[in-house]
Q: 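First, the structure itself, so that you have it in front of you.
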Amino acid sequence: MGFNLGDELIKALRDKTDEIINIERGKVFAVKTKPFYEKTKIKLYIENESEEKSRPIVVLYAGNQTFTAFALSSKSPALVFQRKTRLEISLKSCNLHKEDCFRIIFKDKAYVFILKDNYKIRVNINAFKELLNQSQAKFCGKCSEELLNYVEKYYT
């Protein structure tokens, strides 16, 4: 029976990531859209956008196996051809890391990204943690409860 230092380091890093990054309500993560799609089958880009882009997602609810979130877009509704309105929201109540979030530029306002007439996405937590471990997703801050309630109320 041999000892493999590489395997032990990977396991330790995964355990550390699980400790540090709890997926909970209000947390904001940046995801690279193509690896996110490959892992979750959730497409966070529209046809005329590059699948190589990054997009922020905000956690609404977290369970044991999955979490529910919504994605953000910097494009105004007038520039997007979708059947459902994109809600404009203020990010002033969010504490966001301005650097090192896959070059996403957080402005004072953003729009809720609509996917197939729904603003919510359901993501498998284990698949998402794999993306975090592979540096295809990263923690970027947290938004207020007030903002989350505003988004949920608008789409109810």
Side-chain angles (χ1 to χ4, degrees), residues 4-75 80 82-84 86-87 89 91 93-106 110-145 147-156:
N4 185 326
L5 181 60
D7 289 343
E8 292 302 313
L9 285 172
I10 289 169
K11 183 182 180 312
L13 285 172
R14 282 191 182 129
D15 291 345
K16 196 69 172 164
T17 299
D18 288 349
E19 262 177 48
I20 295 170
I21 305 297
N22 290 324
I23 298 170
E24 58 190 37
R25 184 168 170 84
K27 287 204 173 175
V28 179
F29 294 91
V31 298
K32 292 185 179 179
T33 58
K34 186 175 181 178
F36 184 81
Y37 175 74
E38 289 169 351
K39 192 67 76 179
T40 66
K41 300 303 178 213
I42 300 170
K43 188 175 173 185
L44 293 180
Y45 55 93
I46 54 177
E47 296 306 318
N48 61 347
E49 291 180 327
S50 168
E51 60 186 37
E52 300 297 324
K53 74 179 296 166
S54 299
R55 186 174 301 282
I57 62 172
V58 183
V59 178
L60 286 170
Y61 301 104
N64 292 331
Q65 302 296 319
T66 63
F67 69 90
T68 303
F70 64 91
L72 298 176
S73 174
S74 60
K75 292 187 179 176
V80 181
Q82 301 238 329
R83 289 179 280 178
K84 200 160 191 177
R86 284 189 175 181
L87 173 65
I89 57 174
L91 298 179
S93 68
C94 299
N95 180 12
L96 300 168
H97 305 177
K98 300 291 183 178
E99 300 94 30
D100 201 30
C101 275
F102 299 140
R103 293 181 282 170
I104 293 173
I105 300 169
F106 291 105
Y111 301 89
V112 175
F113 185 78
I114 302 294
L115 183 69
K116 295 183 182 177
D117 289 335
N118 193 353
Y119 78 101
K120 289 189 230 179
I121 58 173
R122 178 164 284 152
V123 182
N124 177 285
I125 286 179
N126 290 331
F128 191 73
K129 285 184 176 180
E130 285 181 33
L131 289 167
L132 286 166
N133 288 330
Q134 296 165 357
S135 299
Q136 301 300 315
K138 54 175 65 173
F139 175 68
C140 291
K142 188 162 180 159
C143 286
S144 70
E145 186 67 28
L147 175 69
L148 301 175
N149 291 336
Y150 176 71
V151 170
E152 290 177 307
K153 185 176 180 182
Y154 179 83
Y155 286 109
T156 309

Q: Just checking, Lys27 and Phe29: is the charged tip under 6.0 Å from the six-membered ring centre and within 45° of the axis?
A: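 No.
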Q: With sequence neighbours excluded, what pairs up with Phe70 under the ring pair (Phe, Tyr, Trp, His ring centres under 6.0 Å) test?
A: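 Listed in chain order: nothing, the list is empty.
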Q: Is Glu38 reaching over with its side chain to a backbone N or O of Phe36, donor-acceptor style, under 3.5 angstrom?
A: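 Side chain of Glu38 to backbone of Phe36, a donor-acceptor pair under 3.5 Å: no, none is there.
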Q: Can you list, pair by pair, the side-chain donor-acceptor contacts under 3.5 Å of residues 56-69, counting residues two or more places apart and other chains?
A:
{"unit_1": "Tyr61", "atom_1": "OH", "unit_2": "Glu152", "atom_2": "OE1", "d": "3.4"}
{"unit_1": "Tyr61", "atom_1": "OH", "unit_2": "Glu152", "atom_2": "OE2", "d": "2.4"}

Q: Roughly how far, to the nearest 0.5 Å, is the CD1 atom of Ile23 from the NZ atom of Lys129?
A: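 Spacing of NZ (Lys129) from CD1 (Ile23) equals 5.5 Å.
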Q: Run Asn118 and Tyr155 through side chain to side chain contact (heavy atoms under 4.5 Å, CB included) and show every step you take.
A: CA-CA 9 Å; Asn118 193 353; Tyr155 286 109; over 6 Å; no
Q: Please report the closest heavy-atom contact between Leu96 and Lys142, naming both atoms and the distance.
A: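 Leu96 and Lys142 have their closest heavy atoms at CD2-N, 4.4 Å.
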Q: Does anything in residues 59-74 form a salt bridge (Lys or Arg N to Asp or Glu O under 4.0 Å)? List the pairs, not counting sequence neighbours.
A: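 Of all non-adjacent pairs touching residues 59-74, none passes salt bridge (Lys or Arg N to Asp or Glu O under 4.0 Å).
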Q: Dump the intermediate steps for side chain to side chain contact (heavy atoms under 4.5 Å, CB included) on Val112 and Ser73, then the final yes or no.
A: CA-CA 6 Å; Val112 175; Ser73 174; over 6 Å; no
Q: For Lys138, enumerate each residue passing the side-chain hydrogen bond (donor to acceptor under 3.5 Å, both in side chains) test, keeping only those at least two apart in sequence or located in another chain.
A: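 Residues passing side-chain hydrogen bond (donor to acceptor under 3.5 Å, both in side chains) with Lys138: Asp100.
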Q: Please report the interatomic distance SG(Cys143) to CZ(Arg25), rounded to the nearest 0.5 Å.
A: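 Rounded to the nearest 0.5 Å, the SG-CZ separation comes out at 11.0 Å.
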Q: Looking at every non-hydrogen atom in both residues, tell me the closest pair between Phe102 and Ala30 and how far apart they are.
A: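 Reported closest heavy-atom pair: CE1-O, 3.4 Å.
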Q: Could I get the full list of side-chain contact (heavy atoms from CB on, under 4.5 Å) partners for Asn124, not counting sequence neighbours?
A: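 With neighbours one apart ignored, the set is Asn126, Ala127.
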Q: For a ring pair (Phe, Tyr, Trp, His ring centres under 6.0 Å) check, start with the C-alpha distance between His97 and Phe106, then their side-chain angles and the critical distance, and finish with the verdict.
A: CA-CA 9 Å; His97 305 177; Phe106 291 105; 9.0 Å; no
Q: Mark yes when over 12 heavy atoms from residues, nucleotides or ligands other than Arg122 sit less than 6.0 Å from its CZ; otherwise mark no.
A: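 No, CZ of Arg122 has 12 or fewer neighbouring heavy atoms, counting only those of other groups under 6.0 Å.
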Q: How long is the span from the NZ atom in Lys34 to the OG atom in Ser54, to the nearest 0.5 Å?
A: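 Answer rounded to 0.5 Å: 13.5 Å.
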Q: What pairs with Glu130 under salt bridge (charged side-chain N to carboxylate O under 4.0 Å, His left out), at least two apart in sequence or on another chain?
A: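 Glu130: salt bridge (charged side-chain N to carboxylate O under 4.0 Å, His left out) contacts with Lys39.
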Q: With side chains defined as the heavy atoms from C-beta onward, is the minimum distance between Ile104 and Cys140 less than 4.5 Å?
A: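 Not in contact.
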Q: Could you measure the distance from the OG atom of Ser74 to the CZ atom of Phe113? Nearest 0.5 Å is fine.
A: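 So the OG of Ser74 and the CZ of Phe113 are separated by 11.0 Å.
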Q: Among all residues two or more places apart in sequence or in another chain, which pass the salt bridge (charged side-chain N to carboxylate O under 4.0 Å, His left out) test with Lys43?
A: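 Only Glu47 meet the salt bridge (charged side-chain N to carboxylate O under 4.0 Å, His left out) criterion with Lys43.
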Q: Starting from the C-alpha separation in whole Å, work towards a yes-or-no answer on side chain to side chain contact (heavy atoms under 4.5 Å, CB included) for Arg55 and Lys32.
A: CA-CA 7 Å; Arg55 186 174 301 282; Lys32 292 185 179 179; over 6 Å; no
Q: Ignoring hydrogens, what is the shortest heavy-atom contact between Leu44 and Ala71? Give both atom names and the distance.
A: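 Answer, listing the atom of Leu44 first, then Ala71: CD2-CB, 4.0 Å.
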Q: Examine distances only and state if a side-chain atom of Thr40 and a backbone atom of Val123 form a donor-acceptor pair shorter than 3.5 Å.
A: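 The answer is no, because no donor-acceptor pair under 3.5 Å joins these two groups.
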Q: If you take all heavy atoms of Ala137 and Val31, which pair is closest and at what distance?
A: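 For Ala137 versus Val31, the nearest heavy atoms are CB-CG1, 3.9 Å.
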Q: At what distance, to the nearest 0.5 angstrom, does CG of Leu87 lie from NZ of Lys153?
A: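 Here the interatomic distance stands at 12.5 Å.
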